[in-house]
Amino acid sequence: MSNDKSSSIIKPTSKDVTFIIKRSNGPGFSSYWEEFQIPYYPNMNVVGALMEIQKNPVNGKGEQTTPVTWECNCLEEVCGACTMIINGKARQACSALVDKLTQPIRLAPLTKFPLVKDLVVDRRVMFDNLRKVKAWIKIDGTYDMGPGPKIPPQVQEYTYELSKCMTCGTCAESCPNVNEKSKFIGPAAIAQVDLVNSHPTGALMKEERLEALMGEGGIAECGNAQNCAKACPKGIPLTRSIARVNRQTSVYGIRSWLNR
Amino acid sequence: MAEKIIIVGGGLAGLMAAIKIAESGAKVDLFSMVPCKRSHSVCAQGGINAAVNTKGEGDSTWEHFDDTIYGGDFLANQTPVRSMIEAAPKIIDLMDRMGVTFNRTPEGFIDVRRLGGAKYSRTVFAGATTGQQLIYALDDQVRRYEDEGLVSRYEEWEFISIVQDDEERCRGIVVQDLKSLEVKVFPADAVILATGGLGMIFGRSTNSTINTGFAQSSVYQQGAIYANGEFIQIHPSAIPGRDKLRLMSESIRGDGGRVWVYKDGKPWYFLEEWYPAYGNMVPRDIATRAIFKVCVDMKLGVDKENKVYLDISHLDPQDIKRKLSGVVDIYEKFVGVDPRKVPMQTFPAVHYSMGGLWVDYNQMTNISGLFAAGECEYQYHGANRLGGNSLVAAMYAGMVAGPKALEYAKGLPRSSAELSSTLFETARRKEEEKTEEIFNRQGKENPYQLHQELGEWMLENVTVVRYNDRLWATDEKILELQERFHKIGVGNSPKCGNQIVPFTRRLWGMLSLSRVITLGALHRNESRGAHYKPEYPERDDENWLKTTKAEYTPDGPRFSYEPVEMSFIKPRQRRYDVAKEVTMQNVK
Ligand SMILES: Cc1cc2nc3c(=O)[nH]c(=O)nc-3n(C[C@H](O)[C@H](O)[C@H](O)COP(=O)(O)OP(=O)(O)OC[C@H]3O[C@@H](n4cnc5c(N)ncnc54)[C@H](O)[C@@H]3O)c2cc1C
């Protein structure tokens, strides 16, 4: 892979963009920062820069290095894969345009999930949480049973917002209460409970979901920092969902206490 | 005997198949190289077609069926298409019951919009992110079955090849954990591939980066027939980007967007002028060729480039917000211009593969026990796909493949669990050795650079307009790239989390499949649907109304052809300047 160009030291030109990337071979390995100079092109985004490194893995000192490991897929901010910390803020690398970032651009992996390698973390816990709160609508079967219940457009407009959650982990990253010491489930799963509970059929299983949010790591551990809604790249009204679900759990709590 | 079915792929097709099987109580192992929720299906914007006729326009499943066959230039076998179209309204009901947040009419019914190649509003949608909403709903249902112990998920595992027994039946798969790079084997009584599209073969496209077609290519190299590979859809509207060509959905035109360029200093709405019957709503192959003509032949593209205006600045901002915000956001985010105020600039981009693994009406490939569903197979779109038909085809195919795979497994004289473990261990070891061999490569070539070269050639020569000499030269180029492939160096990144080694493997898959596409195009001397040759500008039913079938040989693909099944509709001339009814008058 040694490329003729790479043997001579590459001098940064004004048209180069400097990236400083936090790297690590995974858990148990130490991490370090490595600098890269990437030739600028118009409308360049962070993913584009990482692709250039793949094609020519040479660092800022002109040394051959290993290509940076990162995740991406849709490149249009709907799959959530390429989430990382860019200049201190968790966001998707595909929609992070170089022109709008101050340089040098610093890339680091999310900190609230186990590190896999370089910029890749393991966000499996987010999917497990969806299972924990039973974020599905229990249908009788896939046989032809006619349409579902009618939904007023106003309700659809609200639930549609919630249904855009791409489990990217930005909200968890921004939440002070999601950390190593707490078991807090985080904002995303709570909003999904709001989504499913808002559906007439989904509401039939409402209590089971609320129950799941009432124990350890549940909704009570939200500290109301309100960072999540600001951080969400899809503008999902997470704090509103948390408030709505919180009310539902209170009502449910009181009712089940009365019925004891 | 408890059957075990493996599904590879957690997009709409794979998830639907998983639900169908789990629902009947059988067990499924579900593999996906990305978490299912991040599958390419999330990208679908415009919506999903079903003749629900809720606008009183007189739509019917027959009209939808006829539009699909006609839109596909008569290359699709008609029986499966008809069954899919008839199932479509029921699929919408099902997704509705699963809680998909479809847009609603004021009364609370499901709303519909128009997409290309149809005169009726039959596209059901959830804003401009329909695929995302559909896949999330299916993923939720699968999670429920996971909770019930019927589905085991293996996410971030990559399928490498199938295991075949002495009778060449498919008996399981070899996979690699993309985190540890460990190679493992999983036996199964039947395998369903639902591995999506192959846009990456063209370097950049509207597809996600995992859409390399590797899985299809791999089983093709193991003996599965690949059909109609030369039919690649070029979408008329995308925004350029060095990393990706981002789609600007057809729904923009469906909801009133207009395409134009300046001519003699004035906006010229060329689609409306050339195709008065359909206007901006002509199918994609037609719109793309028109744009090509305007930009390349007439040199009227915006800034003299291959770009045209896609204009929504005249639409009601409230309507844009309700129906199009997803796409408008993408444009604003990546281009930095507000399409509500300034017309967008878009250009055609590789979008979809009509071709794919050959399957029978039960979705089974020519390899017993290996099924395929979704964009990775060829069955539902003929020579050109209508917007909104792919989501329904993917889910419908999953609905067929699941139960049929189970039925096949139940009929097996011996289950895979009863076979000798050596069969599986041998298959595993073979792939492990191949992986080791890639790790040891320390040549001069960079796989990502080779990929870029492949993409440039394919894009330049095997897309909108095809010439035989250039197709020939492209195949020569692919052969050269295959040579250079053997001189790849993968560096010395440690095994864990290594991405270059799996990518190198995928690159070989892309190279093999690109020959099928290129040579398939070279041989087909006619123009039909998305396949257009100026040297042979007409459709030639006498010689070419047939399905292309490619079989792998070490010396390259071997082609044979199969007649198209036309039980319902006779071929007729396809034109969009007049209403469809006019084209029906002269049919024998
Ligand atoms: C931008 C865009 C917009 C679109 N909009 C529409 C639309 O509005 N309407 C419409 O009808 N169609 C649309 N389409 C087409 C449609 O989205 C796809 O054809 C459809 O979603 C494909 O579904 P699928 O289940 O076949 O594959 P995918 O959703 O691509 O899923 C493939 C799955 O296979 C897995 N996989 C692949 N290879 C391997 C492997 N080797 N090992 C393990 N797992 C593997 C992946 O992880 C993934 O889970 C659009 C396409 C694009 C690109």
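Chain identifiers are assigned alphabetically (A, B, ...) following the order of the sequence lines, protein sequences preceding nucleic acid strands; residue numbering begins at 1 within each chain. Just so you know, these numbers come straight off a predicted model, no measurement behind them.
Heavy atoms closer than 4.5 Å to chain A are found in the side chain of R322(B), but not in its backbone. Looking at Q452(B), only its side chain comes within 4.5 Å of chain A, counting heavy atoms on both sides. Looking at I110(B), neither its backbone nor its side chain comes within 4.5 Å of chain A, counting heavy atoms on both sides. Heavy-atom distances place no part of F503(B) under 4.5 Å from chain A, backbone and side chain included. Heavy atoms of N211(B) lying under 4.5 Å from chain A are absent altogether. With a 4.5 angstrom heavy-atom cutoff, E146(B) touches chain A via backbone and side-chain atoms both. Residue I210(B) touches chain A through both its backbone and its side chain, counting heavy-atom pairs closer than 4.5 Å.
Residues D139(B) and R143(B) are paired through a salt bridge, judged by an N-O separation under 4.0 Å between the basic side chain and the carboxylate.
For K150(A), the NZ atom counts as densely surrounded, since its 6.0 Å shell holds more than 12 non-hydrogen atoms of other residues, nucleotides or ligands.
Both cation-pi conditions hold for R242(B) and Y41(A): the charged atom is under 6.0 angstrom from the six-membered ring centre and inside a 45 degree cone around its axis. Cation-pi geometry between R246(B) and F334(B) is met: the NZ or CZ atom falls under 6.0 Å from the ring centre, inside 45° of the normal. Seen from the ring of Y136(B), K37(B) counts as a face-on cation partner, given the 6.0 Å and 45° thresholds. The cationic atom of K495(B) (NZ for Lys, CZ for Arg) lies less than 6.0 Å from the six-membered ring centre of F439(B) and within 45° of the ring axis.
Note: R123(A) leads K100(A), R123(A), R124(A) in heavy-atom pairs under 4.5 Å with chain B. Here N25(A) is the residue among N25(A), V196(A), T201(A), L162(A) with the most heavy-atom pairs under 4.5 Å with chain B. Listed options V335(B), N103(B), D243(B), D329(B) were ranked by heavy-atom pairs under 4.5 angstrom with chain A; first place goes to D243(B). Taking I92(B), L247(B), T129(B) one by one and counting their heavy-atom pairs under 4.5 Å with chain A, the maximum is reached by T129(B). Per-residue heavy-atom pair counts under 4.5 Å with chain A were compared for M95(B), M399(B), H40(B), Q499(B), and the maximum is reached by Q499(B). Annotation: maximal heavy-atom pairing with chain B below 4.5 Å, among M44(A), R131(A), K117(A), occurs at R131(A). Highest contact tally toward chain B, considering only K138(A), E52(A), E157(A), is held by K138(A) [criterion: heavy-atom pairs under 4.5 Å]. Counting heavy-atom pairs closer than 4.5 Å to chain B, the top residue among V78(A), I137(A), L75(A) is L75(A). Chosen from S198(A), G146(A), P42(A), the residue pairing most often with chain B at heavy-atom distances under 4.5 Å is G146(A). When R153(B), K333(B), K90(B), R144(B) are compared by the number of non-hydrogen pairs under 4.5 Å with chain A, R144(B) comes out ahead.
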Pair R23(A)-E34(A), salt bridge (charged side-chain N to carboxylate O under 4.0 Å, His left out): steps then yes or no: CA-CA 7 Å; R23(A) 309 203 51 182; E34(A) 190 165 37; 2.8 Å; yes

